[in-house]
Amino acid sequence: MTSRWPDSDRACIGRFVSSLDLRNPKSRVCYQQVLHSFQDIVERHGALDQQALQAWLRELATRWATSTLLHRTRIIDRFLDHLLATGGIDHHPVKALREACHIKQCMPIWRALISRDPEQALARLRKPKPFGSVLGEAMAEHVAMMRRRGYKYTSQPERFLQFDRFLQLNPQLETEPLSVMIDQWAATKGTRNHAYERENLERIFAKILRRRDPSVPRRRPDPRPRKEVRKQWRQPHIYSPGDVRRMLDIARSYPSPRATLRPLCIYTMLLLAYCAGLRRGELARLDLGDVNPRDGTITVRQTKFFKTRILPLPDSVMNELRTYIAARRRAGASQDPHSALFWHVQGRSRYTPEMITWVLTDVIRRAGLKPLQGHDGPRVHDLRHSMVVNRILEWYRLGIQPAGSACRSSRPTSDIEISTPRWSTSPLRRICCISRTNASGPWARHASILNGRCGHEQDQSIPGTDARILLRMAR
């Protein structure tokens, strides 16, 4: 039995609904109806447990469609989270089922409870315990050690968990050597990427074994799986200044009747992605206080490798940024320096990196640079590459050598005006001519890619430089 909820005066429901930022009065009524019906069932049942959840679902299934009912379960999840955080209840039944099944989402639990056989559906949902295999302890220790060293280390644990689940589902391999375990796991899939993951797994386990026993010989890596995987990667795309101008025009006229600030917001995002070379996560993390209009700079905090940098912006870009900040203030956004710079009206919160990718990709599609569906075509991150390439080309036009001391001059790479002049030849042709000179080793692949698309002889008017400068600055 819960400690403070359910309460006789239904004050918990009133406090919870009042704490939400519900702009539509109908939403408030909907929340109250759902929560009052849920409390009725819990009071009738006498306990907040799995049986109470199933009883509520069965009763409401006679009034609502299944899709509507599952959508209403999100209200119950938020309410139970609120009660658990405020001490209204001591036990969260959905969270307990989620932890028992070792899954992160609540919706699969609700779908299982509404099915004809909830117990069997929950049994199908249950996944093996993370790092519960015979090698799980060693993998968990390695992940913890890498994170203590300051690495985020997010992608490699996913590969560890895949291998760990395979070992738990095949207990007969517990007594086999490590090489046999990896061979059996690798035999489950035959893709190029799986072969690369196998090589990566063998390399990391060799490090783990050598760390525990220094007498273990070093393992010689095999570069072939990685080379095969890299053949499937999409090649970088260099946007021309004309492409960027077309995307900027589309962003300014982006259809958004319900959120009038969105077109100017997308326009400013695109401007900073190209003129300052910001990544999508850096755009999402920008705060209002990170913009310094007096000095004409922006501060980008906690970026790749946990770095923070200050970027000077040209006057044309800074003027557009001031225009957006003024429109943002008129739209009613918070003026707290720690509030999100890119703020949307409907959610009254900051844009997520995923949403930024979606809206900018939609602009690229509307500009005709990317197919209407699928992953083929240019990416948002290619704006960062194009910023470096077009800037270096402009340096060449001005007679500046990027390989010399000019790279350390006071004028930053991000100092690209919106009105970048048109050139008689495309940036792709110019950059391939540059990269053709002195490109060797691993950089020769990038030069050969560009040269293969060019079909022109080297332009003698552009001094030669090393192609690695271009790609190092574009990362």
Side-chain angles (χ1 to χ4, degrees), residues 234-256 262-284 286 296 298 300 311-324 341-342 351 356-372 376-398 402 411-432 434-435 450 453-454 470-471 473-475:
R234 283 184 291 175
Q235 305 301 339
H237 178 87
I238 306 302
Y239 295 99
S240 69
D243 295 338
V244 176
R245 278 191 290 270
R246 187 162 67 254
M247 288 188 290
L248 289 173
D249 293 338
I250 292 174
R252 288 299 294 266
S253 59
Y254 193 85
S256 181
R262 182 175 296 169
L264 185 57
C265 185
I266 297 175
Y267 173 82
T268 311
M269 289 179 188
L270 188 62
L271 206 59
L272 292 180
Y274 176 70
C275 296
L278 297 189
R279 303 177 179 91
R280 66 169 195 170
E282 296 168 351
L283 290 170
L286 279 178
I298 58 172
V300 187
L311 294 179
L313 296 178
D315 294 338
S316 58
V317 177
M318 205 65 210
N319 290 337
E320 296 291 342
L321 196 52
R322 292 190 187 98
T323 302
Y324 167 72
L341 175 63
F342 294 112
Y351 278 83
I356 291 176
T357 300
W358 189 90
V359 295
L360 294 185
T361 301
D362 190 43
V363 171
I364 297 174
R365 296 186 195 277
R366 291 172 182 268
L369 302 174
K370 188 179 180 71
L372 296 179
D376 296 336
R379 306 168 301 163
V380 174
H381 194 75
D382 290 328
L383 288 166
R384 179 176 170 84
H385 300 163
S386 304
M387 177 271 294
V388 176
V389 170
N390 292 337
R391 186 66 190 130
I392 289 183
L393 291 179
E394 185 179 350
W395 276 342
Y396 279 127
R397 283 295 187 184
L398 298 175
R411 191 177 188 188
T413 311
S414 61
D415 189 8
I416 299 182
E417 296 286 346
I418 300 175
S419 56
T420 305
R422 292 181 181 270
W423 298 313
S424 58
T425 56
S426 68
L428 188 58
R429 174 189 171 186
R430 311 296 287 176
I431 197 60
C432 77
I434 295 172
S435 61
L450 295 171
R453 297 181 184 176
C454 177
L470 307 175
L471 295 171
M473 299 179 69
R475 284 179 176 177

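Remember, predicted model here, so these are calculated numbers, not experimental data.
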Next item on the list: Tell me, with the steps shown, if Glu394 and Arg397 meet salt bridge (Lys or Arg N to Asp or Glu O under 4.0 Å).
Entry: CA-CA 5 Å; Glu394 185 179 350; Arg397 283 295 187 184; over 6 Å; no

Next item on the list: Could you go through the side chain to side chain contact (heavy atoms under 4.5 Å, CB included) check for Ser240 and Asp243 one step at a time?
Entry: CA-CA 5 Å; Ser240 69; Asp243 295 338; 3.2 Å; yes

Item checked: Verdict with reasoning, Leu341 to Ile298, per side chain to side chain contact (heavy atoms under 4.5 Å, CB included) -> CA-CA 11 Å; Leu341 175 63; Ile298 58 172; over 6 Å; no

Next item on the list: Go through the steps for Leu270 and Val244 under the test side chain to side chain contact (heavy atoms under 4.5 Å, CB included), then give the verdict.
Entry: CA-CA 9 Å; Leu270 188 62; Val244 176; 5.7 Å; no

Notebook entry, point to check: Between Leu264 and Arg252, does a side chain to side chain contact (heavy atoms under 4.5 Å, CB included) hold up when you go through it step by step?
Noted result: CA-CA 6 Å; Leu264 185 57; Arg252 288 299 294 266; 4.2 Å; yes

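Residues Ile392 and Trp395 meet the side-chain proximity criterion, which asks for heavy atoms closer than 4.5 Å. Side chains of Arg379 and His385 form a contact here, defined as non-hydrogen atoms less than 4.5 Å apart. Considering only heavy atoms from C-beta on, Tyr239 comes within 4.5 Å of Met247 through its side chain. Leu321 places none of its side-chain heavy atoms less than 4.5 Å from the side chain of Leu271.
The distance from atom CZ of Arg280 to atom OH of Tyr351, rounded to the nearest 0.5 Å, is 15.5 Å. Remark: Arg245 CZ to Ile250 CD1 distance equals 13.5 Å, nearest 0.5 Å. Once rounded to the nearest 0.5 Å, the distance linking OH of Tyr267 with CG of Leu272 reads 10.5 Å. Atom CG of Asn390 and atom CD1 of Ile238 lie 7.5 Å apart (nearest 0.5 Å). Here CE of Met269 is found 7.0 Å from CD1 of Ile266. Values are rounded to the nearest 0.5 Å. Here OG1 of Thr357 is found 11.0 Å from NE2 of His381. Values are rounded to the nearest 0.5 Å.
The ring pair (Phe, Tyr, Trp, His ring centres under 6.0 Å) check on Tyr324 picks up Phe342, with sequence neighbours excluded. Asp362 pairs by the salt bridge (charged side-chain N to carboxylate O under 4.0 Å, His left out) definition with Arg366, not counting sequence neighbours. Scanning for salt bridge (charged side-chain N to carboxylate O under 4.0 Å, His left out) contacts around Arg262 gives an empty result, with sequence neighbours left out.
Judged purely by distance below 3.5 Å, without hydrogens or angles, the side chains of Ser316 and Asn319 never pair a donor atom with an acceptor atom.
Closest of all the heavy-atom pairs between Leu283 and Ala273 is CD1-CB, 4.3 Å. The shortest heavy-atom contact between Ala276 and Leu311 is O-CD1, 3.7 Å. Nearest approach of Asp382 to His237, heavy atoms of both residues: CB-O, 3.3 Å. Nearest heavy atoms, Gly377 versus Pro371: CA-CD, 4.4 Å.
Within the 3.5 Å criterion, the main-chain N or O of Arg246 finds no donor-acceptor partner in the side chain of Asp249.
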